[in-house]
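Step one of this worksheet: look at the structure below.
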Amino acid sequence: HSIGPYYQSDTYISHTDTEKGLINKLYKIARNYTLAWKMKLVKRYSEKQNNSGKLLDIGAGTGAFIHKATSAKWLAQGLEPDERAREICLNKYQVQLDSPDKLFQLPSDEFDTVTMWHVLEHVHQLHEYMGQIKRILKNDGVAFIALPNYTSWDANYYAANWAAYDVPRHLYHFAPSSVRSLAAKHGIQVELTKPMWLDAFYIAMLSENYKNGKGNIVSALMNGLKSNHHAITNNETCSSLVYIIRKA
């Protein structure tokens with residue numbers, strides 16, 4: 001894909017694992033907390049609450065979540081289009097990630113859990129992927145799909161400078177209503193949504209950069225807080241949401 005070079009930027013942390021610069025250092029600290037939170041979420045809403053299940057992470061990046069799942073005794077495998085990210089995962093965690101084409105060859109009714117953490121917005125074959133997620137999930141399986149929310153307060157505030165528009169890497173932009181109708185089209189349904197509170201701060205930091213050509217941490221923290229404050233009364237206006245999805 002001609003989109004490939006846009007993922008090779010040194011600032012694109014999910015593919016480089018870099019700790020250069022303050023934002024990336026903060027991202028790493030936040031990510032460790034978020035990984036634990038994601039794993040808790042998977043255990044809580046999966047049918048496998050008291051034991052481990054089989055998990056597929058689509059868009060695994062450099063493998064941090066797969067490592068977390070494996071450490072929690074889950075049978076985890078992952079798909080990742082970026083060769084450099086797959087290499088980092090292999091060197092760091094000794095986990096071999098597959099290329100995304102493998103999704104179409106996986107057995108049906110195979111997985112207890114499918115996760116996509118900020119990945120669906122990057123996917124070229126949106127409907128095909130949704131169809132495959134339904135196909136490979138067991139009947140009592142559950143998918144966790146995290147997405148930025150363009151109806152959030154911070155999206156409105158930063159407008160064209162909102163970092164989660166991330167053109168040209170983000171091919172689609174989602175609101176809760178559009179995720180519900182996309183899922184319904186494929187015979188799966190959004191059971192509930194969970195806010196990702198930390199994302200508001202990270203997105204605000206990046207957005208400040210776009211807006212002013214330099215980061216402004218105080219401003220980013222204030223706007224992250226404002227965004228989350230607005231979302232307290234209505235979670236679905238949070239900067240990012242996890243959609244918990246089951247077969248209809």
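Starting from 1, each residue takes its place in the sequence as its number.
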For the pair C238 and N228, evaluate side chain to side chain contact (heavy atoms under 4.5 Å, CB included) and give the outcome as yes or no after the intermediate values.
CA-CA 6 Å; C238 193; N228 284 342; 4.1 Å; yes
Test item: [X] and [Y] side chains (from C-beta on) under 4.5 Å apart, heavy atoms:
X    : Y    : answer
N32  : T34  : no
P148 : E121 : yes
L103 : L56  : yes
D57  : V114 : no
L106 : Q77  : yes
F65  : L55  : yes
Q132 : Q125 : no
M196 : K38  : yes

Give a yes or no on whether a salt bridge exists between [X] and [Y], defined as a side-chain N under 4.0 angstrom from a carboxylate O.
X    : Y    : result
E191 : R246 : yes
E110 : K54  : yes
D109 : K247 : yes

So, for W37 and Y33, is the gap between ring centers shorter than 6.0 Å?
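Distance test on ring centres: not under 6.0 Å, no.
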Closest contact, heavy atoms only, [X] versus [Y]:
X    : Y    : result
I133 : A143 : CG2-CB, 4.0 Å
A64  : R31  : CB-CZ, 4.0 Å
E80  : D82  : OE2-N, 2.9 Å
S99  : L79  : O-CD2, 3.8 Å
S152 : W162 : OG-CZ2, 3.9 Å
A76  : A69  : CB-CB, 4.0 Å

In one Ile/Leu/Val/Met/Phe/Trp/Tyr side-chain cluster, 4.5 Å: [X], [Y]:
X    : Y    : value
L75  : V95  : no
L221 : I232 : no
W153 : W197 : no
M205 : L225 : yes
M39  : I244 : yes

Could you tabulate the donor-acceptor pairs under 3.5 Å formed by side-chain atoms of residues 175-184, not counting sequence neighbours?
{"from": "S178", "atom 1": "OG", "to": "A175", "atom 2": "N", "distance (Å)": "3.0"}
{"from": "S178", "atom 1": "OG", "to": "A175", "atom 2": "O", "distance (Å)": "2.8"}
{"from": "R180", "atom 1": "NH1", "to": "E236", "atom 2": "OE1", "distance (Å)": "3.2"}
{"from": "R180", "atom 1": "NH2", "to": "E236", "atom 2": "OE2", "distance (Å)": "2.8"}
{"from": "S181", "atom 1": "OG", "to": "S177", "atom 2": "O", "distance (Å)": "3.4"}
{"from": "S181", "atom 1": "OG", "to": "S178", "atom 2": "O", "distance (Å)": "3.3"}

Once you round to the nearest 0.5 Å, how far does [atom1] of [X] lie from [atom2] of [Y]?
X    : Y    : atom1 : atom2 : result
H124 : H122 : NE2   : NE2   : 10.0 Å
Y202 : S239 : OH    : OG    : 12.0 Å
C89  : R86  : SG    : CZ    : 10.5 Å
S46  : D112 : OG    : CG    : 6.0 Å
Q189 : I245 : CD    : CD1   : 10.0 Å
L198 : S240 : CG    : OG    : 10.5 Å

Would you say the side chains of [X] and [Y] form a donor-acceptor pair under 3.5 Å?
X    : Y    : result
Y158 : N223 : yes
K194 : Y45  : yes
H173 : N149 : no
S207 : N161 : no

Would you call the rings of [X] and [Y] parallel, tilted or perpendicular, taking 30° and 60° as the class edges?
X    : Y    : result
Y93  : H67  : parallel
Y172 : F174 : tilted
Y129 : F104 : perpendicular

Starting from the C-alpha separation in whole Å, work towards a yes-or-no answer on side chain to side chain contact (heavy atoms under 4.5 Å, CB included) for Y165 and Y150.
CA-CA 8 Å; Y165 283 127; Y150 77 82; 4.0 Å; yes
Kindly indicate, with the supporting measurements, whether the criterion side chain to side chain contact (heavy atoms under 4.5 Å, CB included) is fulfilled by I203 and F201.
CA-CA 6 Å; I203 293 296; F201 299 105; over 6 Å; no
Working note: V242 + T193, criterion side chain to side chain contact (heavy atoms under 4.5 Å, CB included); need CA distance, chi angles, decisive distance, verdict.
CA-CA 5 Å; V242 179; T193 57; over 6 Å; no
Side-chain (S52) to main-chain (W74) donor-acceptor, under 3.5 angstrom
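Looks like no, no N/O pair under 3.5 Å.
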For H230 and D154: C-alpha separation, side-chain torsions, deciding distance, then whether side chain to side chain donor-acceptor pair (under 3.5 Å) applies.
CA-CA 10 Å; H230 280 265; D154 50 297; over 6 Å; no
